[in-house]
Amino acid sequence: MKRRSFRRRVLLWLTPWLCGGVLGAGAALGLRPPTTRIERQIERSDGVILPDPTYARGADYPWSRQAPPEFPIPPYAEHLRGVRIVLDPGHGGRGDVPGFKRGPTGLREAEVNLRVAKYLRDFLREAGASVTLTREDDRYLHKENSADLQARAEVANRANADLFLSIHHNAAGSPRANYSAVFYHGDADHSPASLSAARFFVAGLADALRLESQLPCPVLSDENMYETGFGVLRAANVPAVLTEASFYSNPDEETRLRDPIYNRREAYGLFVAIARWGYAGLPRVRIIEPAGRWKRGEPIAVALDDGLRGRGGWGKDRVRIVRDSFSVKVNGEWADFSVDEGMTRLTISPPETRENELRVRVDFENVFGQRVLHPEMTLKVSR
Ligand SMILES: [Zn+2]
């Protein structure tokens with residue numbers, strides 16, 4: 001090998017610096033290099049100035065680069081203790097139908113849904129939640145599709161679940177499509193508690209999967225898909241949400257979805273979402289008077305629980321319900337009501353009725369924006 005001359009070695013050594021100078025001049029002229037690292041400094045408590053290694057952006061630090069696969073249980077997950085959750089791994093039992101809900105190389109959506117649901121169940125149980133799956137293996141609940149969807153929702157209804165989550169993955173004609181969508185049923189007033197849960201799932205999936213594309217508004221009504229919405233959400237009478245985390249029809253995403261670690265990331269994103277939802281308080285209401293049948297003209301007293309007061313701690317004696325958020329209906333009609341000063345008890349003056357049953361609906365918002373999980377209550381009318 002020919003020995004490089006001294007001049008050539010000096011030139012080689014100078015090249016990066018010269019290039020840096022050119023890039024610097026380019027930047028000054030507004031021509032930014034494709035890779036940008038913005039250097040920031042942080043001051044240590046003893047006054048020493050150091051470069052901030054946590055602040056970096058640009059092509060070297062893409063959003064899609066995922067965090068190490070570590071899945072710690074956050075301390076606030078303790079608020080899930082005893083919370084009843086039903087998970088529904090979508091589809092199942094139709095592996096014999098050619099091409100049914102399969103990715104470009106044959107990955108079945110049903111299989112991915114089940115893996116994610118089981119990982120999520122494990123996280124939730126570790127936090128003390130009470131979890132039921134609508135299916136634990138590769139099967140459908142009913143061979144007819146609409147009865148199958150109904151049966152899944154019934155599992156949640158029978159359990160009077162605090163949350164029903166149907167886990168799905170999406171498909172599209174374009175192989176490029178890949179984003180998360182979270183669905184609620186009907187219009188935005190149908191179940192405010194479902195909407196509230198949906199918002200947490202949007203954030204949880206975005207953090208966990210780090211997909212490059214997002215919808216302008218990823219919280220969606222299921223009526224965007226079908227005129228009467230999704231059967232599984234329509235049949236649920238508890239807070240219910242359906243997640244379409246990503247697209248198995250996208251070849252790169254299909255590869256990722258085959259990886260159990262990636263499935264676990266998704267489950268963890270859903271878990272953190274549920275843990276934050278629980279942390280935000282789960283408001284509840286309960287009729288305390290009358291104890292039995294309702295006599296015409298009698299007021300109805302409802303106990304209010306903001307989902308937070310029971311925890312005690314700093315600020316426990318302050319009202320944590322948004323006063324203007326109350327919505328009180330009897331048999332679908334707005335009803336007159338009053339609330340005590342501490343907002344622990346609401347009294348309704350029901351309107352005249354000829355019906356044999358009163359459907360009482362009491363909803364409100366706590367300081368976290370959480371709505372009443374089970375706002376509908378019924379009272380038999382005394383003859
Ligand atoms: Zn599906």
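Numbers here are sequence positions counted from 1. Order of listing sets the numbers, starting from 1, for every ligand and every atom in it.
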> Checking side-chain contact (heavy atoms from CB on, under 4.5 Å) against E298, which of P290, P350, S349 comes through?
Replying inline: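 Result for side-chain contact (heavy atoms from CB on, under 4.5 Å) with E298: P290.
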>> Does the plane of the ring in H190 sit parallel, tilted or perpendicular to the ring in H185? Use 30° and 60° as the thresholds.
In response: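 The arrangement is perpendicular - the two ring planes meet at more than 60°.
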>> For F271 and Y268, take the angle between the two ring planes, folded into 0 to 90°, and tell me which bin it lands in: parallel under 30, tilted 30 to 60, perpendicular over 60.
In response: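 Because their plane-to-plane angle lies in the 30° to 60° range, the rings of F271 and Y268 count as tilted.
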>> Would you say H79 and R311 are linked by a side-chain donor-acceptor pair, where the criterion is simply a distance under 3.5 Å?
In response: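 A pair is found: one side chain offers a donor N or O, the other an acceptor, under 3.5 Å apart.
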> For N366 and R320, what are the C-alpha separation, side-chain angles and deciding distance, and is it a side-chain hydrogen bond (donor to acceptor under 3.5 Å, both in side chains)?
Replying inline: CA-CA 6 Å; N366 77 6; R320 287 186 281 203; over 6 Å; no
> For the Zn ion (ligand 1), how many protein N, O or S atoms come closer than 2.8 Å?
Replying inline: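 Protein heteroatoms (N, O, S) closer than 2.8 Å to the Zn ion (ligand 1) number 4.
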> Does the ring centre of Y248 sit less than 6.0 Å away from the ring centre of H169?
Replying inline: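 Between H169 and Y248, the centre distance exceeds or equals 6.0 Å.
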